[in-house]
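Worksheet: the structure to be examined is printed underneath.
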4 protein chains.
Amino acid sequence: MENITDKKRAIFESTLVLVKEKGFHGTPMSQIAKNAGVAAGTIYHHFDSKETLILELYSYIRDKMLDAMLQLDNEAMNYKDRFFNFWISHCLFYIKNPNALFFMEQFVNSPYSNRDPLQDNERFQNTFRDLIKTGVETGVLKSVNSLILSALIHGTIVNTAKIHLCRRINMGQAELQQIVELIWDGMRNIPNASKV
Amino acid sequence: MENITDKKRAIFESTLVLVKEKGFHGTPMSQIAKNAGVAAGTIYHHFDSKETLILELYSYIRDKMLDAMLQLDNEAMNYKDRFFNFWISHCLFYIKNPNALFFMEQFVNSPYSNRDPLQDNERFQNTFRDLIKTGVETGVLKSVNSLILSALIHGTIVNTAKIHLCRRINMGQAELQQIVELIWDGMRNIPNASKV
Amino acid sequence: MENITDKKRAIFESTLVLVKEKGFHGTPMSQIAKNAGVAAGTIYHHFDSKETLILELYSYIRDKMLDAMLQLDNEAMNYKDRFFNFWISHCLFYIKNPNALFFMEQFVNSPYSNRDPLQDNERFQNTFRDLIKTGVETGVLKSVNSLILSALIHGTIVNTAKIHLCRRINMGQAELQQIVELIWDGMRNIPNASKV
Amino acid sequence: MENITDKKRAIFESTLVLVKEKGFHGTPMSQIAKNAGVAAGTIYHHFDSKETLILELYSYIRDKMLDAMLQLDNEAMNYKDRFFNFWISHCLFYIKNPNALFFMEQFVNSPYSNRDPLQDNERFQNTFRDLIKTGVETGVLKSVNSLILSALIHGTIVNTAKIHLCRRINMGQAELQQIVELIWDGMRNIPNASKV
DNA sequence: TATGAATGAGGGTTCATTCAT
DNA sequence: GATGAATGAACCCTCATTCAT
């Protein structure tokens, strides 16, 4: 995936845009080819089939995302800051890359993703899950199965980005801050907190 | 939608199962017909097109869901209990109707839903949103845009059901209770709470 | 065909209008039924099939036409007057019944009419052909195969009506008179006439 | 239309034969493809739809016809000879190309041709109409709207060819000569001619 | 490696016809 | 006789994929 050719990248980007707009079904290979500026047959020199293309595109985006995430982390920070940092930067990535967000959301809910909408999505955020696990193990976060916690948190990130992109409720730094705060309040360990 | 015919219901149920298994694209009208026990042409006496069928199926499920939700609410209960009740019963509905869950998740992320994955989903949960609004206005919940709050909470419900169904992490009453607790901790209004 | 029922007539008229507008192919039985104000199945109590309906409609129109023609003839008139009378009244019938004209023109050029566009059309105008035959035999018309003559003349009638209806060149009594005159000049027997 | 590919030509010829035999409706694209020796999908590389195919076939034939017509004209001849030449060669074209004749007759009477059976047919014979116009303007032909004259004359050509092809009345050079003569007698300008 | 015309299985949809009511 | 929901074969067309150039 590292030595990705220009042609492959063009095909990926063309697919990404089209799938976002038209869905998997509404996106013929011929149009992917046209928008990528290559011949239809050329795609088949790089990908075995449409399914393979979609699958590889998923990996491609996952990796791009991971790269973006990792640049922002810093193990030296205190836990809450790392958590906030991660959450916000992740959310901003989605906001800045709506095509990627919509593609992935379609993907994880489609039969392409092996009928397990959370599995791959989660593999992609190994780093994130490790962060949560650490939080649970050190007692900073509530004592809940860390798989569940990270899935829930990732859900809030995706939902927040969607609210921004679809509902047109603007999410600036202040709003995002307010939302992580809220998530954090739910996740962090405060003995005897659940009382009204 | 009230006096729905048996044939329409059979077509709906057939579509629901197939879409869950194969996706919109992977589900030919011919197979929907076969599994519903009707002729291909019969579908077109009840629905104008495949798109219409999908759209009406969405409404059909939304209504079924709403019915299930409303049976469990009781305005006499205190707010936290209503909140918990709602969250859990909603989540249990998804868990007991995985086809509905997967269909809706595919739907809201597909071009069928007018490029706005949250809009209709939200209309469906008007009641839910009203509950949240009340919480915010009475000061029980944090002072956050109630649209955002309800979208986030609905996201946690969907994600929890998916964890149960896909990741095979069993979500019994105890686990669900633990998770709502966590969500509640995040949402409820506790002055000076966000400090580690 | 004489004791035609109201329902049959309604079906005929509905078919006529639709075929004119949409052609044979563009006219589904279901729509014929709807526009006739009967149920789809009802048509099949009166006609064996769509083909039968079309075929019988052709006869129905042919008879209606013949009736209209016969009212206008008068064997006591001199030959030229009868010829003119026939030609003009026939043409006016088409002009006043454009649906009939277009239906018949489609019919005689379609596979419905047994691949012989002139045969039935001509049978319909037996009376006309007899008139021509008489003209040839008495030496008033040129000595040409009367089948040919009558086919040619009928062609000029149809074409004149079409010019009026399609090309929107108005054909009043004067114009029609001018055109028959011209046809007559061609058909009548004038020894040594063909020189420039 | 000049650099028409072999495949396009094969599709055209296949369509022509089938439409003549079965009509537009009775001619499935699949059979057009088979008889043309191509795959069904191939047609759609050359034509947008069945309608487009029919429309382009009409143009194709019109052009072929025009070519055939123009080879035979010669402006140096006297008017009557040009007229006769045109009429006969046009009629012979139809006789030699019955598929073309029947296709065009179906076409101009179908909804394909924009509800104006004479319009396009006429455009095709611009050259013909000019000849008639000249005749009228120079006083050789009767003083009648030249659009009407040319439509009428074209009608006699089509009808004569149909008589030959359908009624099996053989039209050799002698018979054709006799018929044009008759048409000519009707059209040419003879002062005081219309008397019996 | 790149091309794009060609393929043909399979899709959504239509519609002449039937039959239980 | 009249109805109209149901039928299913057949239609037009799409599109993932191939292969000669």
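None of these values were measured; they are calculated from a predicted model. Every chain is numbered from 1 and lettered A, B, ... according to where its sequence line falls, protein lines coming before strand lines.
- Between F:dA16, F:dC12, E:dT18, one nucleotide has an atom nearer to the side chain of D:P28 than all others, and that is F:dC12.
- Side-chain proximity of D:K7 to the nucleotides F:dC12, E:dA6, F:dA2 is greatest for E:dA6.
- The separation between C:K22 atom NZ and E:dC15 atom C1' is 16 Å, rounded to whole Å.
- Looking only at distances, a side-chain donor or acceptor of C:Q106 sits under 3.5 Å from a matching main-chain atom of C:V19.
- When heavy atoms are screened at a 4.0 angstrom cut-off, C:T52 is found touching no nucleic acid atom at all.
- Protein atom CD of A:Q31 is 13 Å distant from nucleotide atom C1' of F:dT14, rounded to whole Å.
- Residues C:D48 and D:T42 both approach DNA chain E. Their nearest nucleotides, taken by heavy-atom distance, put D:T42 toward the 5′ side.
- Taking CZ from B:F102 and SG from B:C166, the interatomic distance works out to 4.0 Å, rounded to the nearest 0.5 Å.
- Counting to the nearest Å, the P atom of E:dC15 and the NE2 atom of C:H25 are 7 Å from each other.
- Between C:K8 atom NZ and F:dA2 atom P the separation is 12 Å, expressed in whole Å.
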Open item on the list: I'd like to know whether C:E13 forms a salt bridge (Lys or Arg N to Asp or Glu O under 4.0 Å) with C:K64, so could you lay out the CA-CA distance, the side-chain angles of the two residues, the decisive distance to 0.1 Å, and finally the verdict.
Closed with: CA-CA 12 Å; C:E13 296 299 334; C:K64 254 179 76 174; 3.8 Å; yes
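- One N or O donor and one acceptor, one from the side chain of A:H45 and one from the base of E:dA2, sit under 3.5 Å apart.
- Toward the 5' end of DNA chain F, the nearer of the two residues B:A40 and D:S49, judged by each one's closest nucleotide, is B:A40.
- For D:K50, the listed nucleotide lying nearest its side chain is F:dC12; candidates were F:dC12, F:dA16, E:dA6.
- C:H46 comes within 4.0 angstrom of sugar-phosphate atoms only, judged by non-hydrogen atoms across all strands, and of no base.
- Between C:Y60 and C:F103, the gap from one ring centroid to the other reaches at least 6.0 Å.
- Rounded to whole Å, the distance from NZ on B:K34 to C1' on F:dA9 is 15 Å.
- Taking only side-chain atoms of A:A39, from C-beta outward, the nucleotide of F:dC12, F:dA16, E:dG4 with the closest atom is E:dG4.
- If you take CG of B:L18 and P of E:dG12, they are 11 Å apart, rounded to a whole angstrom.
- Put simply, OH on C:Y44 is 18 Å from P on E:dA20, counting in whole angstrom units.
- Computed from coordinates, the A:I43 CD1 to F:dA16 P distance equals 9 Å when rounded to whole Å.
- Where A:F24 and D:M29 each meet DNA chain F at their nearest nucleotide, the meeting point lying more 5' is that of D:M29.
- Partner assigned to E:dT21 is F:dA2, using Watson-Crick or G-U wobble distances below 3.5 angstrom.
- In this structure, NE2 in B:H46 is found 9.0 Å from CD1 in B:I43, a value given to the nearest 0.5 Å.
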